[in-house]
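Remarks on the structure that follows.
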Amino acid sequence: MLQKGFKWLVLAGFAALMAWGMWGLPDRGDLDAPMNEKTTITGGPTPAAHYIEKAYKEAKTPNIVTVVLGDYRSIDTLGEVVVVFTAGLILIVLLTNRRKVHDIDGGEQ
Amino acid sequence: MKRSFESPITLLGARALAPFIMMFGLYVIFHGHYSPGGGFQGGALLAASVLLMRVASGSKTSSLVLSNAITTPMGVLGVFIYFGTGLLAMLLGSNFLDYEGLPIPGLSPEYLRYTGILIIEVGVGLAVMAALVLIYDKMADGEVSS
């Protein structure tokens, strides 16, 4: 009983922590938010401004997200594909020998 | 464990739905330049279409849609299309995955990048579809009869 109450207390604590963190986030579409600025705090250009200004001109693609994923950050996407593919390969290695082990154990279902 | 039996209703429903899901998957891949979507989402939809047939009709009929043996080569092909596109651009003198170096005649640099993005999206779709179908096949191997 005490343990269960402790669990709920921990859960409520984490929920409160998350809610407190959410309060600090800028509003959706807020132009003054740091991520929507044209320049960084140190004065350099941000990549987001470059993407929005140049995506259509450089790749003739209206969907900026596709240009960012497929062109500007294509090495990152290559990594994602390799991760998915590796997961498939690992599944082959893990599950191919499963039935043989069953047979050695006696083969009963 | 419950005994499995064939249901014509399930089979008919799956057969009616699967081509449309596959068509929608292709649409999501090839229309990713203009609307939300792309290789990952489209590949997942293609896999959903194949898996629907796998679940509804058993492995024997559904291997007519996509054979068990072909999924691994398909995943390899998908990753290879992506990597090969980047490598080809690099071998021809530009940077890795810089599509402006692709040897497609008659296209301006902007449309070369457009085409390059399309090619790699197809590669991503193939790899994701193959991986998802592969995982299902391996998990159901020997447990789904008929």
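Chain A is the first sequence line, chain B the second, and so forth, proteins listed ahead of strands; every chain is numbered from 1.
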TODO: Could you please spell out the steps behind the side chain to side chain contact (heavy atoms under 4.5 Å, CB included) verdict for A:L91 and B:L134?
DONE: CA-CA 8 Å; A:L91 256 289; B:L134 184 75; 5.9 Å; no
Task: Contact winner vs chain A - B:G32, B:A127, B:A131, B:G38, heavy-atom pairs under 4.5 Å - done: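 The candidate making the most pairs under 4.5 Å is B:G32.
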Under a 4.5 Å side-chain heavy-atom rule over Ile, Leu, Val, Met, Phe, Trp and Tyr, are [X] and [Y] clustered together?
X	Y	answer
B:Y82	B:V28	no
B:V79	B:F40	yes
B:V55	B:L46	yes
B:L17	B:F24	yes
B:L102	B:L97	yes

Open item on the list: Minimum heavy-atom separation for B:I135 and A:G88, please, with both atom names.
Closed with: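 Closest approach of B:I135 to A:G88, heavy atoms only: CG1-CA, 4.4 Å.
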Task: Contact listing (chain B partner; residues 73-81 of chain A; heavy atom under 4.5 Å) - done: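 Hits under 4.5 Å: A:S74, A:I75, A:T77, A:L78, A:E80, A:V81.
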Open item on the list: Heavy atom to heavy atom, less than 4.5 Å: which residues from residues 48-69 of chain A reach chain B?
Closed with: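 Within residues 48-69 of chain A, the residues that come under 4.5 Å of chain B (heavy atoms only) are A:K57, A:E58, A:A59, A:K60, A:T61, A:P62, A:N63, A:T66, A:V67.
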Under 4.5 Å from any heavy atom of chain A, what part of [X] do you find: side chain, backbone, both or neither?
X	answer
B:T115	neither
B:V76	both
B:Y114	both
B:I120	side chain

Is [X] atom [atom1] crowded by more than 12 heavy atoms from other residues, nucleotides or ligands, each under 6.0 Å away?
X	atom1	answer
B:I9	CD1	no
B:I70	CD1	no
A:Y72	OH	yes
A:I41	CD1	no
B:F96	CZ	yes

Task: B:T72 OG1 to A:L89 CG distance, which is reported to the nearest 0.5 Å - done: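 Taking OG1 in B:T72 and CG in A:L89, the distance rounds to 7.5 Å.
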